[in-house]
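Notes follow once the structure below has been shown.
Every heavy atom of this structure was used, including side-chain atoms; hydrogens, water molecules and symmetry mates were not.
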Amino acid sequence: MRIKGLLGVCLLLPGLAACGASGTASSGAPNAARSSGAVTTSCGLDTRVPAPPRRAISLEQNATEIMLSLGLADRMAGTSYQTDPVLPSLAAEYKKVPVLAKQYPNHEAVLAKEPDFLYSTLSSAYADQAAGPRADWKKLGVPAYLSVHDCETVKLTADEVRFDTIFNEVKHIAAVFGVEQRGEKAVKDLRVRLDRAVREAPKNTGAKLMWYYSGTTTPYIAGHGGLPSTVSKQVGVDNAFDDIRHKWPAGNWEEIAERDPDVIVLADLTRGGDGDSAEAKKRFLRANPVTSQLDAVRNNRFIVVPGSAMDPSIRSVSLAEELSKGLTALYG
């Protein structure tokens, strides 16, 4: 069997192109993959889906939660790489799905489950040492779906994370499995939540935010094009580092001090690395001679969000919700 893939998928059905020429998802919702056969096109790789899958494997948590949100636990032969506690609303369904590996399963472990569909929002799932290249799986007749936000090649990866693209991916997966109505309902609910978060956010704050993901010696912050940049615009504030044309650049504290952001959004990560948790970030920022002088630190202007919500996923709307609530608490 085969291995390797990444973000960015759409369906091509007779007479219907659900993707643009660039391979990114369009706003149209495709039809289901029926027994007559459909083709998934993700990150430049076309693979036929002869019928709605019955033994799908999600290779990481974002893909898992999208599938579970669509009620597809009974179609899943396995899952892997849980980075955070599963969303409480999905916990019961998650327990029904076999866990193949703590991180990524290797090619043999995936092959042993006889999958008829693979899904990941991260290209690393299809690395040689993981499930293996998507092209190899195609030779075995197994579609390997990858999100447009993390294609194997940069030129196929979406330049910016957009909510419409996230929502379309949810609908595309629903279409592959023949559960379009579930996809439509899931997306409708997400749009309602997003609209409410934007509506309830305080207006005209003029706040400039720094999105601080991880690291202390070398901090990784949000630049242009990632989900934090998109959410900032949606809610009506500025990403202080949006001029940096990388989604997650390595920053340095001297430059950050020069820009002196008004608010620092802290990713709360559970993996236990250097400065991963929100509390560890706060301790560092208050103790470091440079960062302790930042206006946001001196005035305790922090907003804590789950680190997992910073990736394009079913959780993305919750990032807008938490930012809206945090800004309301700071600015009224």
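Transitive grouping of hydrophobic side chains (ILVMFWY, heavy atoms separated by less than 4.5 Å) brings Val99 and Leu87 into a common cluster. Note on Val86 and Ile314: same hydrophobic cluster, where clusters join Ile, Leu, Val, Met, Phe, Trp and Tyr whose side-chain heavy atoms are under 4.5 Å apart, directly or indirectly. In the hydrophobic cluster analysis, where Ile, Leu, Val, Met, Phe, Trp and Tyr join through side-chain heavy atoms closer than 4.5 angstrom, Ile256 is grouped apart from Trp248. Side-chain heavy atoms closer than 4.5 Å link hydrophobic residues (I, L, V, M, F, W, Y) into clusters, and following such links, possibly through other members, connects Tyr331 to Val235. Tyr213 and Val237 fall within the same hydrophobic cluster, where Ile, Leu, Val, Met, Phe, Trp and Tyr residues are linked whenever their side-chain heavy atoms come under 4.5 Å apart, directly or through other members.
Counting heavy atoms from C-beta outward, Asn106 and Gln129 have side chains that stay 4.5 Å or more apart. Side chains of Ile166 and Pro312 form a contact here, defined as non-hydrogen atoms less than 4.5 Å apart. Side-chain contact check for Val317 versus Phe163: some heavy-atom pair is nearer than 4.5 Å. The shortest distance between side-chain heavy atoms of Phe167 and Val187 falls below 4.5 Å. Residues Phe302 and Val297 meet the side-chain proximity criterion, which asks for heavy atoms closer than 4.5 Å. Thr218 places none of its side-chain heavy atoms less than 4.5 Å from the side chain of Asn252.
The CD1 atom of Ile57 sits 5.0 Å away from atom CG of Leu100, with the distance rounded to the nearest 0.5 Å. Atom-to-atom distance recorded for Gln234:CD and Ser324:OG is 11.5 Å, nearest 0.5 angstrom. From Leu323, atom CG reaches atom OG of Ser232 across 6.0 Å, with rounding to the nearest 0.5 Å. In this structure, Leu209 CG and Leu327 CG are separated by 6.0 Å, a value rounded to the nearest 0.5 Å. Going from atom OG of Ser277 over to atom CG of Leu269 covers 8.5 Å, rounded to the nearest 0.5 Å. Residue Arg298 holds its CZ atom at 9.0 Å from OG of Ser292, rounded to the nearest 0.5 Å.
When every heavy atom of Asn239 is checked against every heavy atom of Gly223, the shortest pair comes out as ND2-O, 3.0 Å. Shortest non-hydrogen contact noted between His149 and Ala158 is CD2-CB, 4.3 Å. Taking every heavy atom of both residues into account, Pro202 and Gly332 meet most closely at CB-O, 3.1 Å. Between Pro249 and Ala222 the shortest heavy-atom distance is CD-C, 4.1 Å. Val97 approaches Gly78 most closely through the heavy-atom pair CG1-C, 3.7 Å. Considering all non-hydrogen atoms of both residues, Asp276 and Lys281 come closest at O-NZ, 2.6 Å.
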Practice task
Decide yes or no on side-chain hydrogen bond (donor to acceptor under 3.5 Å, both in side chains) for Asp46 and Thr41, but give the supporting numbers first.
Solution key: CA-CA 4 Å; Asp46 298 343; Thr41 299; 2.7 Å; yes

Practice task
Assess whether side-chain contact (heavy atoms from CB on, under 4.5 Å) is satisfied between Leu266 and Ile303, documenting all intermediate values.
Solution key: CA-CA 6 Å; Leu266 305 172; Ile303 297 175; over 6 Å; no

Exercise for the section: Could you give me the CA-CA distance, side-chain angles and deciding distance for Met310 and Val305, then say whether side-chain contact (heavy atoms from CB on, under 4.5 Å) is met? Expected result: CA-CA 8 Å; Met310 289 191 182; Val305 300; 3.6 Å; yes

Exercise for the section: With side-chain contact (heavy atoms from CB on, under 4.5 Å) as the test, would you mind laying out the steps for Gln61 and Ser308 before giving the verdict? Expected result: CA-CA 9 Å; Gln61 187 164 346; Ser308 55; over 6 Å; no

Problem - salt bridge (charged side-chain N to carboxylate O under 4.0 Å, His left out) between Arg191 and Asp164, worked out - result: CA-CA 9 Å; Arg191 287 190 185 280; Asp164 279 348; 3.0 Å; yes

Practice task
Evaluate the criterion side-chain contact (heavy atoms from CB on, under 4.5 Å) for residue pair Thr205 and Leu330; output intermediate values, then yes/no.
Solution key: CA-CA 10 Å; Thr205 65; Leu330 292 175; over 6 Å; no

Exercise for the section: May I have the step-by-step check of salt bridge (charged side-chain N to carboxylate O under 4.0 Å, His left out) for Lys208 and Asp262, ending in yes or no? Expected result: CA-CA 5 Å; Lys208 292 184 180 295; Asp262 302 304; over 6 Å; no

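Few gaps surround NZ on Lys203; more than 12 heavy atoms of other groups in view lie less than 6.0 Å from it. For Lys247, the NZ atom sits in a packed shell: over 12 heavy atoms of surrounding residues, nucleotides or ligands are nearer than 6.0 Å. Atom CD of Glu254 sits in a crowded spot, with more than 12 heavy atoms from other residues, nucleotides or ligands closer than 6.0 Å. Counting heavy-atom neighbours within 6.0 Å of Tyr220 OH, excluding the residue itself, gives a total of 12 or less.
Taking the six-membered ring where the residue is Trp, Trp253 and Tyr212 present perpendicular rings, their angle passing 60° and hence far from 30°. Ring geometry, Phe177 versus Phe117: the interplanar angle exceeds 60°, so the pair is classed perpendicular (tilted spans 30 to 60°).
A salt bridge does not link Asp116 with Arg55: every distance from a Lys NZ or Arg NE/NH1/NH2 to an Asp or Glu carboxylate oxygen is 4.0 Å or more. With salt bridges taken as basic N to acidic carboxylate O contacts below 4.0 Å, one links Lys185 and Asp189. For Glu184 and Lys188, the salt-bridge test fails: no basic side-chain N is under 4.0 Å from an acidic carboxylate O. Of the charged side-chain nitrogens involved, none lies within less than 4.0 Å of a carboxylate oxygen, so that Asp84 and Arg315 do not count as a salt-bridged pair. A salt bridge does not link Lys171 to Glu180: none of the charged side-chain nitrogens sits closer than 4.0 Å to a carboxylate oxygen.
Within the 3.5 Å criterion, the main-chain N or O of Val161 finds no donor-acceptor partner in the side chain of Thr165. When atom types are taken as modelled, the side chain of Asp238 and the backbone of Ala240 share no donor-acceptor pair closer than 3.5 angstrom. The main-chain N or O of Thr83 is found under 3.5 Å from a side-chain atom of Thr270 such that the two form a donor-acceptor pair. In this structure, the side chain of Thr291 engages the main chain of Leu285 through a donor-acceptor pair within 3.5 Å.
Side chains of Glu160 and His224: a donor on one and an acceptor on the other come within 3.5 Å. A side-chain donor-acceptor contact under 3.5 Å links Glu169 and Tyr119. Side chain to side chain, Asp242 and Ser229 meet the donor-acceptor criterion of an N or O pair below 3.5 Å. Using a 3.5 Å distance cut-off with no hydrogens or angles, the side chains of Arg286 and Asn300 do pair a donor with an acceptor.
Counting only residues at least two apart or in different chains, salt bridge (Lys or Arg N to Asp or Glu O under 4.0 Å) contacts with residues 319-332 comprise Arg193-Glu321, Glu322-Lys325.
No option in Ile173, Thr64, Leu90 other than Leu90 meets the side-chain contact (heavy atoms from CB on, under 4.5 Å) test with Ser69. Paired with Leu319 under the rule side-chain contact (heavy atoms from CB on, under 4.5 Å), one option of Asp311, Leu194, Thr230, Val231 passes, and it is Val231. Residue Tyr104 is tested with Ser124, Ser80, Ser120 for a side-chain hydrogen bond (donor to acceptor under 3.5 Å, both in side chains); the sole match is Ser124.
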